[in-house]
Protein chains: 2
Amino acid sequence: MDIENLVKEKDIKLTTARTEILEKLIHAKKPLSYDDIKKDISMDKATFYRNITKFEKKMIVNSFESNDKKRYFEIFESPHPHFVCVVCDSVECIKKHLEFKLSGYTIENIILKGKCKKCNQI
Amino acid sequence: MDIENLVKEKDIKLTTARTEILEKLIHAKKPLSYDDIKKDISMDKATFYRNITKFEKKMIVNSFESNDKKRYFEIFESPHPHFVCVVCDSVECIKKHLEFKLSGYTIENIILKGKCKKCNQI
DNA sequence: ACTTTAATGCAACTTAGTTGCACATATAAA
DNA sequence: TTTATATGTGCAACTAAGTTGCATTAAAGT
Ligand SMILES: [Mn+2]
Ligand SMILES: [Mn+2]
Ligand SMILES: [Zn+2]
Ligand SMILES: [Zn+2]
C-alpha cells in the first residue's frame, strides 16, 4: 500500500503535511491518536485535524472514539471491529469477522471494551 | 426498582444530591449524559461527576463514551450492548443478546455505531 | 506573470470533565 | 452536649482534545 494509490482519484492535493500523516498511518500496526502521532509530524495540530477530517470524507482514513476521550485514526480498510482496553487504554483492530444484525439499524462500527490479553494475565 | 434497594449494602450515604441523580436515572428510558440531566438536578457539576464516579465504583451506575464526546450513564443492570446513532447522536440500549467470544479478551462492553431506525427512514 | 483557490500556522476559543479549597453536614468519640 | 474526624458540597480555576477565525503562503490554471 502506497500513498499515491491511496489518494488516486480522490481529488486531493498531496502536500508535505498530508504525506507525513499518511506515511505514519500506513506503517502503524494499530489505530493512532493525534497524541501518538504528533512527535513524528511537523505540522500544527489545526492542520493535522483539518487534513484528517478531509481524509475521512474521502474515505482514506476512518476513526473512532476510544475510552480516553481521544479519537483514533487508521487507514480505511474493510470495516472491522475494534477493541479498547479499559485498563491500559490500548486499542486493537479485531480482524475476526463478527456477524451482527439488528433489523432497522445500519451498523457501521463495532467497539468492544474490556480487558486485553496482556491485562488479563496480570 | 427503588433507591433504597440500589444503595443497600453499598456503604454509601444517601444525600439529597445522590437521590436526585438516582431518581433521574431510574426513570430514564435511555442512558443520559450530564447535559441531559443537568436541568433537573440542583447540584453543581463537580458534585454530579464526583457522585457518578462513586456510583460507578460501587456498581450502581455504569457508563460509556458516545460519539459526541459525552459520557452516558445508566443504572447498572446485566451488561448489554448500546447503539449510538452517528446521524442524530441518540443512544439506545440493545436488549437483544449478542454472543461474542474473543479468546484471551474479556469483553465488558459492546458499542455499536451506525444509523438508528429513525435516521434510516429518512 | 496574473488570478483564483486551497493549505498552513498561530492564537484564541469551545466544551466535557477534573481538581483545589473553604465551608457545611454527618457520624463517632469523649 | 461538646469535640473530633470524615465525608459531601459549591465555587472557581483548571485541563485537554479538538475547532475556528484570520492573515499568510503555496499551488494550479489561464
Ligand atoms: Mn482497525
Ligand atoms: Mn443500557
Ligand atoms: Zn490492556
Ligand atoms: Zn439517529
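Hydrogens, waters and symmetry mates are skipped; everything else that's a heavy atom, side chains included, is used. In the text below, chain A, chain B and the rest are named by the order of the sequence lines, each starting its count at 1. Given the structure is predicted, the values throughout are model-derived calculations rather than measurements.
- In terms of heavy atoms, B/Val91 sits closest to B/Ser66 at CG2-OG, 4.0 Å.
- Between B/Phe48 and B/Phe55, the gap from one ring centroid to the other reaches at least 6.0 Å.
- D/dG18 atom P lies 12 Å from atom CD1 of A/Ile37, rounded to whole Å.
- Looking at residues two or more places apart in sequence or on another chain, you find a salt bridge (charged side-chain N to carboxylate O under 4.0 Å, His left out) between A/Asp35 and A/Lys38, A/Lys70.
- By the side-chain contact (heavy atoms from CB on, under 4.5 Å) test, A/Thr19 pairs with A/Ile3, A/Leu14, A/Glu23, sequence neighbours left out.
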Checklist entry - Does the pair A/Asn62 and A/Glu74 meet the rule for a side chain to side chain contact (heavy atoms under 4.5 Å, CB included), with working shown? => result CA-CA 6 Å; A/Asn62 78 305; A/Glu74 65 182 354; 3.0 Å; yes
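- Atom-to-atom, CG of B/Asp68 to C1' of D/dG18 comes out at 14 Å; the value is rounded to the nearest Å.
- Distance, A/Lys38 NZ to D/dG18 P: 10 Å, rounded to whole Å.
- Using a 3.5 Å distance cut-off with no hydrogens or angles, the side chains of A/Tyr72 and A/Glu65 do not pair a donor with an acceptor.
- For A/Thr47 and C/dG9, the shortest distance from a side-chain N or O to OP1 or OP2 is below 4.0 Å.
- Rounding to whole angstrom units, CD1 of residue B/Ile12 and C1' of C/dT25 are separated by 16 Å.
- Rounded to whole Å, the distance from NZ on A/Lys58 to C1' on C/dA6 is 12 Å.
- Between B/Lys54 and D/dG8, a side-chain N or O to OP1/OP2 separation shorter than 4.0 Å is present.
- If you measure from atom CZ of A/Phe48 to atom C1' of D/dA16, you get 15 Å, rounded to the nearest angstrom.
- With sequence neighbours left out, B/Lys95 forms a side-chain contact (heavy atoms from CB on, under 4.5 Å) with B/Glu77, B/His80, B/Cys93.
- Under the 3.5 Å distance criterion, with hydrogens and angles disregarded, no donor-acceptor pair is assigned to the side chains of B/Thr47 and B/Asp44.
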Polar atom pairs (N or O), protein with nucleotides 17-21 of chain C, under 3.5 Å:
residue: C/dG17; atom: OP1; partner: B/Arg71; partner atom: N; Å: 2.6
residue: C/dG17; atom: OP2; partner: B/Tyr49; partner atom: OH; Å: 2.3
residue: C/dG17; atom: O5'; partner: B/Tyr49; partner atom: OH; Å: 3.2
residue: C/dG17; atom: N7; partner: B/Lys45; partner atom: NZ; Å: 3.1
residue: C/dG17; atom: O6; partner: B/Lys45; partner atom: NZ; Å: 2.9
residue: C/dG20; atom: O6; partner: B/Arg50; partner atom: NH1; Å: 3.2

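- Going from atom NZ of A/Lys57 over to atom C1' of C/dA6 covers 14 Å, rounded to whole Å.
- Following rounding to the nearest Å, B/Asn67 (CG) and D/dA17 (P) show an atom-to-atom distance of 18 Å.
- The stretch residues 13-32 of chain A comes close to DNA chain C through A/Lys13, A/Thr15, A/Ala17, A/Arg18, each having a heavy atom under 4.0 Å from the strand.
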Please set out all donor-acceptor pairs under 3.5 angstrom arising from side-chain atoms of residues 106-118 of chain B, sequence neighbours excluded.
residue: B/Thr106; atom: OG1; partner: A/Asn120; partner atom: OD1; Å: 3.0
residue: B/Thr106; atom: OG1; partner: A/Asn120; partner atom: ND2; Å: 2.8
residue: B/Lys113; atom: NZ; partner: B/Asn67; partner atom: OD1; Å: 3.1

